[in-house]
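Computed over heavy atoms, backbone and side chain alike; hydrogens, waters and symmetry mates excluded. Lettering of chains follows the sequences in order, A, B, ..., and the numbering in each one begins at 1. If you're wondering where the values come from, they're calculated on a predicted model, not measured in any experiment.
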Number of protein chains: 2
Amino acid sequence: MRQYGQFCPLAKALDVVGDRWTLLIVRELSERPCRYTDLRDGLPGIATNLLADRLKSLEAAGVISVEAAPPPIATNLYRLAERGEALLPALHELVLWGAPLLADADETDEVRSRWLVAAAQAMFAGIDVSDADPLEVALDIDDEPITLSVEHGQLHAELGTVPHPDVRIACDGPTASAILRGQLHLDAATRQDRAQINGTRTARARLARLIDAGRVTPQRMVPGR
Amino acid sequence: MRQYGQFCPLAKALDVVGDRWTLLIVRELSERPCRYTDLRDGLPGIATNLLADRLKSLEAAGVISVEAAPPPIATNLYRLAERGEALLPALHELVLWGAPLLADADETDEVRSRWLVAAAQAMFAGIDVSDADPLEVALDIDDEPITLSVEHGQLHAELGTVPHPDVRIACDGPTASAILRGQLHLDAATRQDRAQINGTRTARARLARLIDAGRVTPQRMVPGR
DNA sequence: CTGCATCCGCTTCGATACTG
DNA sequence: CAGTATCGAAGCGGATGCAG
């Protein structure tokens, strides 16, 4: 990318990650290390040469690291370097800012449930749930399930499923997103037949309270953090 | 900009502010409302048609608002709308991430001291200085002075100067930046003749402590916030 | 199949000129 | 002052090729 040539930290940051696709690559790697093909699957529409270019620049900038397997069965693994991990707070703030825009997303948009993981992490990061009991929620979204869990006062979101969750929700990505953002109530989702929800009444109520806590937090109302 | 077409809050955010120059426009407006010319001055290198395009899209997206004066003396004023103010946390995180990159900035980079204001705000936002006494620091940077002040437990950075600061520092932009980032100690700056510093010894010491507090905070060490 | 490199049509960008 | 118009250059998107 062309550099801005400004003595400004924001401009310098954008010199590195301001390019098209670049932050989305970081998003992909924020969940797990990826092979080239994994990245391409998570970035529908990217030109393969662009992906290769971006990976090179990101490595040069120290944002990602590449782990090359020896010749016989070569599969490069791309992962966030320390400098890349340091981008996650910025990424989270952008996710929070962009979340409302999902309300009027296009029908034809690509959907990956793993994108919701980053969104959930951003929404629930810093939310105090220390008063909440442990809770496991399995979200069965198409073929890529994700898990929400409350453990010792922290709420986690991650890829994968668990055998015996307190609540299990089967739905598509947009529905899961609407539920997590507090736009669609659990009961309403069931009633409209957009989701199948299993779990005890109390567990479902605890999940509803969590969602409510994540929906709008004071720090998010005030721009100055 | 071409849309990503992904059902992902980050992608949606980048659909709006991911374009080249866009976040820098938000940076300019984060300090004060701007006329078109002010914006162009703060965005050296931008093509005027691009600026016009971006302003249109940003207004359409509700990020900025335009206040048009009546025909006789028409001077449009651009300012951040509510949705634009909500971008500041993300902008701050990017600023924090980009700050270390200033260490090896190019000599030919453009410099505006007002860019340091956004940087200082980001660095000191959330820093607890409730135990610090009120303090006013005037930074006389070329022709655009800025002020740091500690008032009722909050540290503020803003454009403009004050008549009787506790500490007054005259230097150029990069030097001020290096001092604020903790890369250049106040005494060293004086010794190397890069800055002229006035103020009592105790006031200077208090400033030094502030800078040290802003330099690295625990929350910034841990990526997950 | 993975991990790119190359080519090509098209869009966007950057620089300059010009107008109300 | 506040933009619009124009045009060459660069970057992007899509298709294809190809080595390990």
Side-chain angles (χ1 to χ4, degrees), chain A residues 1-6 11 14-25 28-29 32-61 64-79 108-110, chain B residues 1-6 11 14-25 28-29 32-61 64-79 108-110:
Chain A
M1 150 182 277
R2 194 186 163 83
Q3 312 269 98
Y4 284 110
Q6 300 185 357
L14 294 176
D15 280 344
V16 178
V17 299
D19 258 334
R20 193 162 162 72
W21 293 109
T22 305
L23 277 180
L24 296 185
I25 293 174
E28 288 303 306
L29 296 173
R32 72 236 182 279
C34 290
R35 295 169 301 170
Y36 192 88
T37 316
D38 300 329
L39 287 169
R40 225 174 24 184
D41 171 65
L43 303 164
I46 196 174
T48 173
N49 57 346
L50 261 193
L51 177 54
D53 284 356
R54 296 286 185 268
L55 290 173
K56 274 200 191 58
S57 337
L58 284 174
E59 191 190 2
I64 67 173
S65 63
V66 187
E67 190 182 313
I73 307 162
T75 292
N76 285 4
L77 260 194
Y78 298 88
R79 61 179 75 238
T108 64
D109 281 350
E110 296 275 343
Chain B
M1 151 182 273
R2 197 186 161 82
Q3 312 269 96
Y4 285 110
Q6 299 185 357
L14 294 177
D15 280 344
V16 178
V17 298
D19 258 332
R20 191 160 163 73
W21 293 110
T22 305
L23 278 180
L24 296 186
I25 293 175
E28 288 303 307
L29 295 174
R32 72 233 183 282
C34 290
R35 295 171 300 170
Y36 192 88
T37 317
D38 301 328
L39 287 169
R40 227 174 20 184
D41 171 66
L43 303 165
I46 196 174
T48 173
N49 57 347
L50 260 194
L51 177 53
D53 284 356
R54 297 287 185 267
L55 290 173
K56 275 198 191 58
S57 337
L58 284 174
E59 192 190 1
I64 68 174
S65 63
V66 187
E67 191 182 312
I73 307 161
T75 293
N76 283 5
L77 260 193
Y78 299 88
R79 63 179 74 239
T108 64
D109 281 350
E110 297 275 343

Rounded distance (Å) that lies between atom [atom2] of [N] and atom [atom1] of [X]:
X       : N      : atom1 : atom2 : value
A:Leu39 : C:dT2  : CG    : C1'   : 12 Å
B:Leu50 : D:dT4  : CG    : P     : 12 Å
A:Tyr36 : D:dC18 : OH    : P     : 17 Å
A:Ile46 : D:dG11 : CD1   : C1'   : 13 Å
A:Asp53 : C:dT6  : CG    : P     : 11 Å
A:Leu51 : C:dA5  : CG    : C1'   : 13 Å
A:Leu24 : D:dG13 : CG    : C1'   : 15 Å
B:Arg2  : D:dC12 : CZ    : C1'   : 9 Å

Per [X] side chain, nearest of listed nucleotides [options]:
X       : options                : result
A:Thr48 : D:dT16, C:dG3, C:dC13  : D:dT16
A:Asn76 : C:dG3, D:dG14, D:dC1   : C:dG3
A:Arg20 : C:dT2, D:dT4, D:dG13   : D:dG13
A:Arg54 : D:dC12, D:dC1, C:dG14  : D:dC12
B:Asp19 : C:dC13, C:dG14, D:dG14 : C:dC13

Helix axis bend for the helix from C:dC1-D:dG20 to C:dG20-D:dC1 - C1'-based end axes, five pairs, 10° rounding
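Inter-axis angle at the ends, rounded: 30°.
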Taking only the side-chain nitrogens and oxygens of [X], find out if one of them lies under 4.0 Å from OP1 or OP2 of [N].
X       : N      : value
B:Tyr78 : D:dG3  : yes
B:Trp21 : C:dC13 : no
B:Lys56 : D:dA2  : no

For a quick test of reading the model, state the closest non-hydrogen atom pair linking [X] to [Y] and the distance between them.
X       : Y       : result
B:Trp21 : B:Leu50 : CD1-CD1, 3.8 Å
B:Glu28 : B:Gly42 : OE2-O, 3.2 Å
B:Cys34 : B:Leu39 : CB-CG, 3.7 Å

Which one of B:Asn76, B:Thr75, B:Thr48 satisfies the side-chain hydrogen bond (donor to acceptor under 3.5 Å, both in side chains) criterion with B:Tyr36?
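Single pass found, and it is B:Thr48.
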Mapping A:Asn49 and A:Leu55 onto DNA chain C by nearest heavy atom, which one lands closer to the 5' end?
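Closest to the 5' end, via its nearest nucleotide, is A:Leu55.
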Name the nucleic acid region contacted by A:Ala52, choosing base, sugar-phosphate or nothing; use a 4.0 angstrom heavy-atom cut-off, strictly under.
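The answer is sugar-phosphate, as A:Ala52 gets under 4.0 Å only of primed atoms, P, OP1 or OP2.
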What's A:Thr37 touching, base or sugar-phosphate or nothing? Going by heavy atoms closer than 4.0 Å.
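Sugar-phosphate contact only - A:Thr37 comes under 4.0 Å of backbone atoms but never of a base.
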Test applied, side chain to side chain contact (heavy atoms under 4.5 Å, CB included); reference residue, A:Tyr78; option that passes from A:Leu58, A:Val66, A:Ile25:
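Of all the options given, the one that passes is A:Val66.
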Strictly below 4.0 Å, N to O, side chains only: are A:Lys56 and A:Asp53 in salt-bridge contact?
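No, A:Lys56 and A:Asp53 are not salt-bridged.
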How long is the span from the CG atom in A:Asp15 to the OG atom in A:Ser57, to the nearest 0.5 Å?
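Going from the CG atom of A:Asp15 to the OG atom of A:Ser57 covers 12.0 Å.
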